[in-house]
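What follows is one structure encoded as structure tokens, with my remarks underneath.
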Amino acid sequence: MGGQTVSGTELPSGTVLLDGFHALKHALRFGAHITEALTTDKAAALTLAGQLAPDLTDRLDALLTEVPAPQLAALSPRPHPTGVAARALRPAQHLPDTGRTAPTVVLDNPRHLGNIGAVIRLAAGSGAAGVITTGTTDPWHPNVVRAAAGLHYALPVAHRDGPAQLPPGPLYALDPDGADIRTLTTPIPPDALLAFGSERHGLSAATRARATHLIALPMRPEVSSYNLATSVAMTLYHWLLTSAPATGGAGPERGPHHGPDAAPH
């Protein structure tokens with residue numbers, strides 16, 4: 001999957017659009033190579049950095065170029081309210097077959113770009129090993145990166161053609177006919193794959209057949225389903241509650257996000 005188009009603007013192959021202050025902030029913190037960073041108000045962007053990312057203020061001061069609004073719109077046709085957009089190189093990420101210390105989230109043929117981004121944001125925050133998608137949607141689509149607030153750089157995010165290309169490990173598939181996740185007698189192992197079906201059609205037959213465990217989330221009768229990102233959050237939270245806490249990690253940012261970039265879209 002090469003170059004992407006954002007509202008008619010073609011991104012060069014191998015590059016990623018970082019739309020908004022938080023996307024640029026997270027990408028920088030997790031080692032992105034920034035090739036261009038623009039803002040319509042550099043002073044305002046640096047003030048925001050002083051409030052939300054003082055560790056990056058000097059780097060942002062050196063990176064950001066102030067431009068008129070039409071020039072920013074050429075890079076990001078739907079400019080973010082923070083007036084910041086950047087372009088970065090897409091990393092060559094690799095999810096190891098062995099030695100994983102946290103489960104990997106597998107999205108089976110997802111369709112909603114915002115949901116994919118929200119899942120990547122959840123996976124990064126909870127310390128998952130990575131996110132893999134199957135199907136036709138590129139998980140590095142600009143709208144997914146925007147919804148994930150640039151956290152693609154915090155963990156491997158990859159695409160596979162189908163379940164046969166998934167890394168080894170027990171596959172826990174979320175399915176209404178599965179066992180209640182609260183009844184699991186052993187914790188979800190760190191090399192597990194957590195598979196979630198598409199928003200409309202659920203798990204594919206091939207992924208369901210590959211599953212070693214079918215598990216279900218508790219749900220009130222007559223409620224039909226949860227949002228995809230909500231299902232992932234509940235499952236990862238169960239894993240966090242039932243697994244020994246990791247040591248040596250930086251941990252999530254402290255305090256709530258109330259800045260203008262806090263919403264996923």
Side-chain angles (χ1 to χ4, degrees), residues 3-91 93 112-125 131 138-155 157 229 250 252-265:
Q4 294 288 337
T5 301
V6 187
S7 299
T9 300
E10 180 74 16
L11 291 175
S13 179
T15 66
V16 179
L17 176 65
L18 302 171
D19 207 358
F21 176 83
H22 273 292
L24 176 57
K25 174 193 75 174
H26 286 138
L28 282 172
R29 282 187 176 158
F30 291 100
H33 181 89
I34 308 299
T35 60
E36 183 179 24
L38 306 179
T39 178
T40 53
D41 189 336
K42 186 171 182 177
L46 293 178
T47 296
L48 192 60
Q51 296 169 349
L52 301 178
D55 55 310
L56 297 175
T57 302
D58 289 343
R59 293 177 67 187
L60 289 167
D61 189 15
L63 279 171
L64 286 168
T65 299
E66 186 169 305
V67 297
Q71 188 171 338
L72 183 71
L75 178 61
S76 175
R78 187 166 63 99
H80 196 274
T82 54
V84 173
R87 193 176 283 158
L89 297 182
R90 178 167 170 169
Q93 296 174 317
H112 191 283
L113 301 177
N115 268 340
I116 301 171
V119 167
I120 292 167
R121 196 168 181 174
L122 283 164
V131 176
D138 183 1
W140 284 82
H141 186 283
N143 290 351
V144 178
V145 178
R146 179 181 176 121
L151 282 163
H152 285 62
Y153 289 88
L155 76 174
V157 176
E253 292 178 290
R254 295 176 181 174
H257 281 179
H258 293 308
D261 206 328
H265 294 285

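To the nearest 0.5 Å, atom CG of residue Asn143 and atom CG of residue Asp138 are 11.5 Å apart. Rounded to the nearest 0.5 angstrom, His33 NE2 and Thr15 OG1 are separated by 11.5 Å. We find the CG-NZ distance between Leu48 and Lys25 to be 8.5 Å, quoted to the nearest 0.5 Å.
Considering all non-hydrogen atoms of both residues, Val144 and Pro139 come closest at CG1-O, 3.1 Å. The minimum heavy-atom distance linking Pro79 with Leu72 is given by the pair CB-CD2, 4.1 Å. Of all non-hydrogen atoms in Ala49 and Leu60, the two that sit nearest each other are CB-CD1, 3.7 Å. Minimum heavy-atom separation, Phe21 to Leu52: CE2-CB, 4.2 Å. Closest heavy-atom contact between Gly150 and Leu18: CA-CD2, 4.5 Å. Ala229 approaches Val119 most closely through the heavy-atom pair CA-CG2, 3.9 Å.
Side chain of Trp140 to main chain of Val157: a donor-acceptor pair is present (N/O by atom type, distance under 3.5 Å, no hydrogens or angles). Using a distance-only test at 3.5 Å, with no hydrogens or angles considered, no donor-acceptor pair links the side chain of Thr39 to the main chain of Val84. Judged by distance alone, with hydrogens and angles left aside, the side-chain atoms of His80 form no donor-acceptor pair with the main-chain N or O of His22 at under 3.5 Å. The main-chain N or O of Thr65 is never found under 3.5 Å from a side-chain atom of Lys42 such that the two would form a donor-acceptor pair. Checked by atom type and distance alone, the side chain of His26 pairs as donor or acceptor with a backbone atom of Ala149 at under 3.5 Å. Formation of a donor-acceptor pair under 3.5 Å by the Thr35 side chain with backbone atoms of Arg87 is found in this model.
The side chain to side chain contact (heavy atoms under 4.5 Å, CB included) with Asp19 is formed by just one residue from the set Pro77, Ser76, Pro142; it is Ser76.
Side chains of His152 and Val16 form no contact here, defined as non-hydrogen atoms less than 4.5 Å apart. Using a 4.5 Å heavy-atom threshold, the side chains of Leu28 and Leu63 count as touching. Using a 4.5 Å heavy-atom cutoff, the side chains of Ile120 and Leu155 are in contact. Between Leu75 and Val67, the closest side-chain pair of non-hydrogen atoms is not below 4.5 Å.
A 6.0 Å sphere centred on CG of Asp58 holds no more than 12 heavy atoms belonging to other residues, nucleotides or ligands.
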Starting from the C-alpha separation in whole Å, work towards a yes-or-no answer on side-chain contact (heavy atoms from CB on, under 4.5 Å) for Leu24 and Leu64. CA-CA 10 Å; Leu24 176 57; Leu64 286 168; 4.2 Å; yes
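A salt bridge links Asp55 with Arg29; the closest basic N to acidic carboxylate O contact falls under 4.0 Å.
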